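Taking it in order: structure first as structure tokens, then the write-up.
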Amino acid sequence: MNLIGVNPALPGISGSKKLGFFSFNGGNQPINLKPGGVYQIKVAMDEKQTLKLDVQGKVDRFANGHAGKNHSHLSTIGNSTNIKWHGCPVEKTDRQKLLQQRGCVIWITGLSGSGKSSVACALSQMLYQRGKLSYILDGDNVRHGLNRDLSFKAEDRVENIRRVGEVAKLFADSGFICIACLISPYKRDRAACRAMLPTGDFIEVFMDVPLRVCEGRDPKGLYKLARAGKIKGFTGIDDPYESPLDAEIVLQCNTGDCSTPRDMAEKVVSYLEEKGYLQA
């Protein structure tokens with residue numbers, strides 16, 4: 001498709017909307033392009049493309065990542081219609097090189113009172129001391145904002161985990177080590193979060209702490225309320241917890257005398273080192 005209007009005038013420019021490229025071929029006429037300039041190209045059907053030139057007068061491929069691409073591929077995802085994924089020249093690998101680490105999700109699951117949040121905080125502190133960026137998505141914390149509209153009914157629990165999984169995926173894509181600590185009692189929901197990420201980037205940590213130990217701790221007094229019938233559908237009492245069968249890391253505590261959160265977190269750090277997540 002030939003260009004029908006250029007501002008400013010650029011002799012010898014032709015382009016193809018179908019193939020998604022523009023060619024600069026001046027023939028015997030010199031092309032006088034101002035380095036660092038921005039040129040608006042008007043093509044047939046009254047569509048416009050703006051091309052930015054770098055300091056050498058060449059088309060800047062980073063600044064013009066959108067130029068000439070086909071914008072007609074629209075999708076329907078869930079209840080969202082007419083949407084299109086927009087890429088960017090800066091990708092996950094670039095961010096990982098900048099941070100000198102690999103993005104992943106550490107998913108800590110276990111009964112209430114098993115020590116998930118304590119291990120998550122210890123792990124985050126240890127990574128910080130090593131100069132590594134992490135962020136914690138705590139089950140209670142996300143219900144203060146992102147998931148404040150959700151209850152603890154079965155269907156809302158599914159949505160709670162899905163949302164946290166999607167946010168964790170974004171953190172991992174940004175190059176962060178995302179630490180999600182939630183009861184997440186159902187295997188299918190944890191499997192769905194695992195499926196969101198590339199193979200190996202979802203690291204499940206199972207806090208293998210028996211109910212009697214967790215109930216003995218009862219840091220929030222929730223077990224007492226559940227036993228009294230004041231809380232319905234409480235995991236471990238009148239709602240099931242499905243233990244992981246294929247967790248990458250299992251942290252056990254079968255008695256009241258358990259390893260410290262820091263000792264448990266050290267095992268996770270060792271795993272990250274072994275798998276290469278603490279360097280780009």
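Computed over heavy atoms, backbone and side chain alike; hydrogens, waters and symmetry mates excluded. Position 1 is the first residue of the sequence, and the numbers go up from there. Not measured: the values here are computed from a predicted model.
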Open item on the list: A side-chain contact here means heavy atoms from C-beta on lying under 4.5 Å apart; do Pro261 and Gln125 qualify?
Closed with: no
Open item on the list: Do Leu111 and Met207 have side chains that approach each other closer than 4.5 Å (heavy atoms only, starting at C-beta)?
Closed with: no
Open item on the list: Around atom NZ of Lys187, are there more than 12 heavy atoms from other residues, nucleotides or ligands closer than 6.0 Å?
Closed with: yes
Open item on the list: Please report whether the ring centroid of Phe152 lies less than 6.0 Å from that of Phe234.
Closed with: no
Task: NZ/NE/NH1/NH2 to OD/OE distance under 4.0 Å, Asp173 and Arg95 - done: yes
Task: Member of Val164, Leu197, Val205 meeting the side-chain contact (heavy atoms from CB on, under 4.5 Å) criterion with Trp107 - done: Val164
Open item on the list: Let me confirm one number: the CD1-SG distance from Ile106 to Cys178, rounded to the nearest 0.5 Å.
Closed with: 9.0 Å
- [ ] Find out whether Tyr241 and Leu211 are in side-chain contact, i.e. whether some heavy atom of one side chain is under 4.5 Å from a heavy atom of the other.
- [x] no
TODO: Run the salt-bridge test on Glu266 and Arg262 with the 4.0 Å N-O cut-off and return the result as yes or no.
DONE: no
Open item on the list: If the threshold is 4.0 Å, N to carboxylate O, is there a salt bridge linking Arg212 and Glu215?
Closed with: no
Task: Ile136 reachable from Val119 in the ILVMFWY side-chain graph, under 4.5 Å edges - done: yes
Open item on the list: Let me confirm one number: the CG-CG distance from Asp208 to Asn254, rounded to the nearest 0.5 Å.
Closed with: 6.5 Å
TODO: Report yes or no: is the cationic atom of Arg190 (NZ for Lys, CZ for Arg) closer than 6.0 Å to the six-membered ring centre of Phe202, at no more than 45° off its axis?
DONE: no
Open item on the list: Looking at Asp189 and Arg157, is there a salt bridge between them, counting it only when a charged N and a carboxylate O are closer than 4.0 Å?
Closed with: no
Task: Salt bridge flag under 4.0 Å for residues Arg227 and Asp218 - done: no
Open item on the list: Are Tyr135 and Phe176 an aromatic pair, judged by ring center distance below 6.0 Å?
Closed with: no
Open item on the list: Please determine whether a side-chain nitrogen of the Lys or Arg among Arg163 and Glu166 lies less than 4.0 Å from a carboxylate oxygen of the Asp or Glu.
Closed with: no
